[in-house]
Number of protein chains: 2
Amino acid sequence: MTATSPPRRGRGRPGNDQAAVLRAAVDLFNRKGYDATSIGDLAKELGVTKPAIYHHFDSKEDLLRLALDDALDELTTVVSNASAGSGTAYARLRDVIHRSVEVLVAHQPSVTLLLRIRGNTAVEQGALERRRWLDDRLAELVRDAVADGALRDDVPPDLVSRLLFGMVNSLVEWYRPEGTYDAASVADALVAIAFDGLARGQA
Amino acid sequence: MTATSPPRRGRGRPGNDQAAVLRAAVDLFNRKGYDATSIGDLAKELGVTKPAIYHHFDSKEDLLRLALDDALDELTTVVSNASAGSGTAYARLRDVIHRSVEVLVAHQPSVTLLLRIRGNTAVEQGALERRRWLDDRLAELVRDAVADGALRDDVPPDLVSRLLFGMVNSLVEWYRPEGTYDAASVADALVAIAFDGLARGQA
């Protein structure tokens, strides 16, 4: 993925044009599907010409790569820090889940796209590989916390990480930024349910 | 939804043909998207003619309706029984979550389809209305269990039901029937995490 060209910030158009095109592309990919969306569709959506889009981006795949990097970069930083950090595995796991919710909410459109891709192109395969790396780091943290005696050991660690991240990722389907709950409240609720349980008198 | 015609079991072809066509349709809708799939695509996939499909089903929408009913009927029974049942709200909620996992696993392809539709047709809108009814019944059970003092009251009940069902629904993305865990093990793990929490020494 590092071999493809960076966004062309220097070509004489303001950077916010480029960001707006990328945002519109992500929304359109989420609505119509990446495969079914053409640069022509995107130009029409934005009310510009196709060359106006190619002024900023080499190709549709270039847009996809930037969108998936947007979904993955911050999450990768959060998970890397948790993996390498000090403190107990339990505290780092609890913290990384909390932060993951906040990252997902901050990047909801691009994370939605990430969760829908199926590996049809090299760019998608690269993103899925990065997702697997994240999943592996989290599964390691879960195993470490079990080994420390901080997490229950009657549920298989790989099932724990699947279900934890299933609950986090489900946010893309229903979370609305304009709704009642901000990211921090949802993160608090999710962490409380997952780690302390819903049943009363447990904590 | 009750006004549309039932499957044509009596038209002289064995019923298992019809079930096989429906299964293939659900798989194709999940892979290509419902809107992008034609009866011609389905016929090609099955290696039959279009009239062979119309022998069993009136229309593409007829196939969609049957698939969504397959996803919803058993879940509706489970949730209705839990709503109307005896026992504490807490026990009924715990049980309905367990059963929902089992129903999802047993009907994974059609539930996957259900979770992807966006309401573009009358059939889809009918299914989304049935989903909302289920969500409302579950939110009621959560509120009742909080009112009984059995569930923690520091997480808003609507957030609890969103996150609980987010975790259940996430199964469609990663559960593999041929994998290590059967439906009952996954249901046990999910219920243990959600109600008793991951942290050790809580139960």
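Heavy-atom basis, side chains included; hydrogens, waters and symmetry copies ignored.
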Interatomic distance, I193(A) atom CD1 to L163(B) atom CG [nearest 0.5 angstrom]: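 I193(A) CD1 to L163(B) CG: 4.5 Å, rounded to 0.5 Å.
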
From CG (L115(B)) to OG (S170(A)), nearest 0.5 Å: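 Between atom CG of L115(B) and atom OG of S170(A) there are 10.5 Å.
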
When V168(A), T180(A), D158(A) are compared by non-hydrogen pairs under 4.5 Å with chain B, the top option: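 Among the listed options, the one with the most contacts to chain B is D158(A).
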
Greatest number of heavy atom pairs closer than 4.5 Å to chain B - which of D154(A), N169(A), V160(A):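 When all of D154(A), N169(A), V160(A) are compared, V160(A) has the most.
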
Under 4.5 Å from any heavy atom of chain A - which part of R118(B):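 Contact with chain A involves the side chain of R118(B) alone.
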
Region of A192(B) that comes under 4.5 Å of a non-hydrogen atom in chain A: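 For A192(B), heavy atoms of backbone and side chain both lie under 4.5 Å from chain A.
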
Would you call [X] and [Y] a side-chain contact if the rule is heavy atoms closer than 4.5 Å?
X       : Y       : result
R162(A) : V186(B) : no
W174(B) : D135(A) : no
L164(A) : L198(B) : yes

Residues of residues 31-45 of chain B within contact distance of chain A, non-hydrogen under 4.5 Å: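 Interface residues of residues 31-45 of chain B: none, nothing closer than 4.5 Å to chain A.
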
side-chain contact (heavy atoms from CB on, under 4.5 Å) evaluation trace for L151(B) with R200(A): CA-CA 5 Å; L151(B) 278 200; R200(A) 199 163 197 175; 6.0 Å; no

Segment of R94(A) engaging chain B (4.5 angstrom heavy-atom cut-off):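 Nothing of R94(A), per the 4.5 Å heavy-atom cut-off to chain B.
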
Over 12 non-hydrogen atoms of neighbours within 6.0 angstrom of CZ in R99(B):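 Open.
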
Greater than 12 external heavy atoms within 6.0 Å of Q125(B)'s CD: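 Result for CD/Q125(B): enclosed.
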
Interface residue of largest heavy-atom contact number with chain A, from A145(B), A194(B), S185(B), A189(B), under 4.5 Å: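 Ranked by contacts with chain A, first place is A194(B).
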
Closest non-hydrogen atom pair, R152(B) against D196(A):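 Answer, listing the atom of R152(B) first, then D196(A): NH1-CB, 3.4 Å.
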
